[in-house]
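Just so it is clear: chains get the letters A, B, ... in the order the sequence lines come, proteins before strands, and each one is counted from 1.
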Protein chains: 2
Amino acid sequence: MSQSRPRIIPEATVARLAVYLRVLAGLADGGRSHVSSGELASAAGVNPAGLRKDLSYLGPCGVRGVGYSVAGLRDRLTDALGGERSRPCVLIGIGRLGSALADYAGFASRGFEFVGLLDTDPATVGHQVGGLRVRPVEELEAVVAETRATIGVITTPAEVAQSVCDRLVSVGVRSILNFAPVALTVPAGVDVRKVDLSVELQVLAFLDQQRHGTPPLLAPLRAAQGAAR
Amino acid sequence: MSQSRPRIIPEATVARLAVYLRVLAGLADGGRSHVSSGELASAAGVNPAGLRKDLSYLGPCGVRGVGYSVAGLRDRLTDALGGERSRPCVLIGIGRLGSALADYAGFASRGFEFVGLLDTDPATVGHQVGGLRVRPVEELEAVVAETRATIGVITTPAEVAQSVCDRLVSVGVRSILNFAPVALTVPAGVDVRKVDLSVELQVLAFLDQQRHGTPPLLAPLRAAQGAAR
DNA sequence: GGGTGTGAAGGGTTTCACAGCA
DNA sequence: TGCTGTGAAACCCTTCACACCC
């Protein structure tokens with residue numbers, strides 16, 4: 001087994017590469033030509049050594065004693081994350097969250113294009129959201145087929161999320177981002193990522209309570225735990 | 001004050017406890033009185049052994065050979081996560097995402113109450129969103145003081161997020177949930193959690209590309225990595 | 001000197017296997 | 001017998017320290 005021309009990149013690293021890429025875009029706009037790992041790390045909110053390790057998965061891409069070329073690193077990261085080609089996505093469930101996502105500029109600028117918006121509600125179907133007409137969910141399979149979408153985003157109520165997911169999988173979608181508060185079950189080879197907004201708040205509240213409702217003697221412990229982030 | 005505080009609970013566990021709590025609510029509605037770790041784990045999308053370990057941080061709360069009492073475990077989890085008291089939150093930035101969050105039912109049912117909505121846009125200020133009137137961002141300090149909010153949620157553009165954050169911190173908010181795509185810097189003792197929607201999509205796209213654009217020989221490796229979730 | 005690249009150490013989290021009890 | 005509770009192992013990721021090169 002003599003592979004590893006491209007080393008495998010840890011998922012945690014991939015997530016941070018996307019952050020670095022955004023910071024670099026800002027620096028490029030500002031006219032900067034070089035950055036050090038320290039500066040880049042502080043802008044991204046991470047440890048400098050960790051940043052260097054992250055970048056090392058792409059092979060050497062800096063100059064010792066100098067730093068990184070903003071433009072060069074940007075290209076390197078863009079390429080590693082899949083180039084600039086547009087990625088067609090379908091979005092199912094055009095409620096408040098769904099329509100917020102549908103015209104969130106942050107997606108388009110990163111190469112994600114919503115090519116299909118679907119909903120069950122007759123009051124929503126037919127409306128324009130983010131420059132696209134909302135279509136009835138019955139047309140899901142047809143939309144995926146005609147747009148060749150490879151990513152599905154689910155912002156439906158929890159009750160119907162699994163059935164929407166099954167339909168996406170059945171027409172070949174292998175990457176799904178799920179905002180519905182349920183665990184989706186999918187066959188092997190399909191990748192689901194879940195974003196649970198209320199869980200984030202709940203964790204925050206827990207840490208908050210832990211800090212405040214704790215006897216003085218235990219406070220240092222809490223502080224240490226909280227400071228980890 | 002809680003009586004038994006034998007162990008500190010890992011943050012990863014806290015996040016999952018919130019998920020278990022939601023699943024249990026569904027089971028209770030369905031009239032179930034008991035669950036096994038296996039069933040609960042599959043509904044939550046986690047490993048059964050891991051679930052038992054998570055629950056063990058609360059002390060023994062099941063019956064060997066039988067399982068867990070739905071009602072009993074629900075109370076236990078609710079208590080561990082901070083009881084049922086309402087937590088006042090302020091939300092700054094009432095754009096699409098902000099208004100989606102402002103009347104997301106998932107928050108209210110978990111004890112999170114938005115008590116202040118703020119924005120700079122004159123076209124937005126004064127409108128009713130989620131049953132609350134949007135107030136000008138100049139009143140931020142006054143709103144926090146009068147509502148005693150302890151949690152701040154930032155859904156502003158990236159450029160102003162840091163200044164909003166600073167103002168929240170200056171009036172005593174120690175828990176902040178940040179949706180703006182920047183790394184916020186805060187003094188020690190303040191807890192910031194970041195949710196970056198486009199990073200989630202980017203990771204999904206990366207894994208997708210990795211699967212498809214990979215030579216057959218490497219495919220098994222990719223599958224193993226992807227199947228981790 | 002200054003800053004990158006990277007092995008090694010450390011900490012946290014997941015998985016496994018099995019002891020223990022209704 | 002069935003399922004919980006939990007030490008121990010395995011794994012992943014972060015952090016540190018320093019060699020190395022401009």
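In this structure, B:H34 atom NE2 and D:dT4 atom C1' are separated by 14 Å, rounded to whole Å. The CZ-P distance, from A:R64 to D:dA19, rounds to 13 Å in whole Å. Residue B:E11 contributes atom CD, which lies 21 Å from atom P of D:dC12 at whole-angstrom precision. A straight line from CG of B:L51 to C1' of C:dT13 spans 15 Å, rounded to a whole angstrom. Straight-line distance from the CD atom of B:E39 to the C1' atom of D:dG2: 15 Å, rounded to whole Å. Between the NZ atom of B:K53 and the P atom of D:dA10 there is a distance of 15 Å, rounded to whole Å. Atom-to-atom, CG of B:L55 to P of D:dC3 comes out at 16 Å; the value is rounded to the nearest Å. Taking atom CG on A:D54 and atom P on C:dT4, their separation rounds to 14 Å, with Å as the unit.
Side-chain atoms of A:S56 and A:D54 include no donor-acceptor pair closer than 3.5 Å. Checked by atom type, the side-chain pair B:S175/B:D191 shows no donor-acceptor distance below 3.5 Å.
With distances taken from any side-chain atom of A:P60 to the nucleotides C:dT13, D:dC13, C:dG5, the minimum falls on C:dG5. Counting only heavy atoms from C-beta on, A:N47 has its side chain closest to D:dC16 among D:dC16, C:dA17, D:dG2. Looking at the side chain of B:R52, the nearest of the listed nucleotides C:dT13, D:dT4, D:dC21 is D:dT4. Across C:dG5, D:dT6, D:dC16, the shortest atom-to-atom separation from the side chain of A:A49 is found for D:dC16.
A distance-only check finds a donor-acceptor pair linking the side chain of B:R32 to the backbone of B:H34 [under 3.5 Å].
At C:dT14, one or more side-chain N or O atoms of B:R16 fall inside 4.0 Å of OP1 or OP2 (strictly under the cut-off). Side-chain nitrogen and oxygen atoms of B:S37 include none within less than 4.0 Å of the OP1 or OP2 phosphate oxygen of D:dC3. Within the 4.0 Å cut-off from OP1 or OP2 of C:dA22, not a single side-chain nitrogen or oxygen of B:Y68 is found.
Minimum heavy-atom separation, A:D208 to B:R87: OD2-NH1, 4.3 Å.
A salt bridge between A:R193 and A:E11 is present, with a side-chain N of the basic residue lying under 4.0 Å from a carboxylate O of the acidic one.
A:G50 comes within 4.0 angstrom of a nucleotide base, judged by non-hydrogen atoms across all strands.
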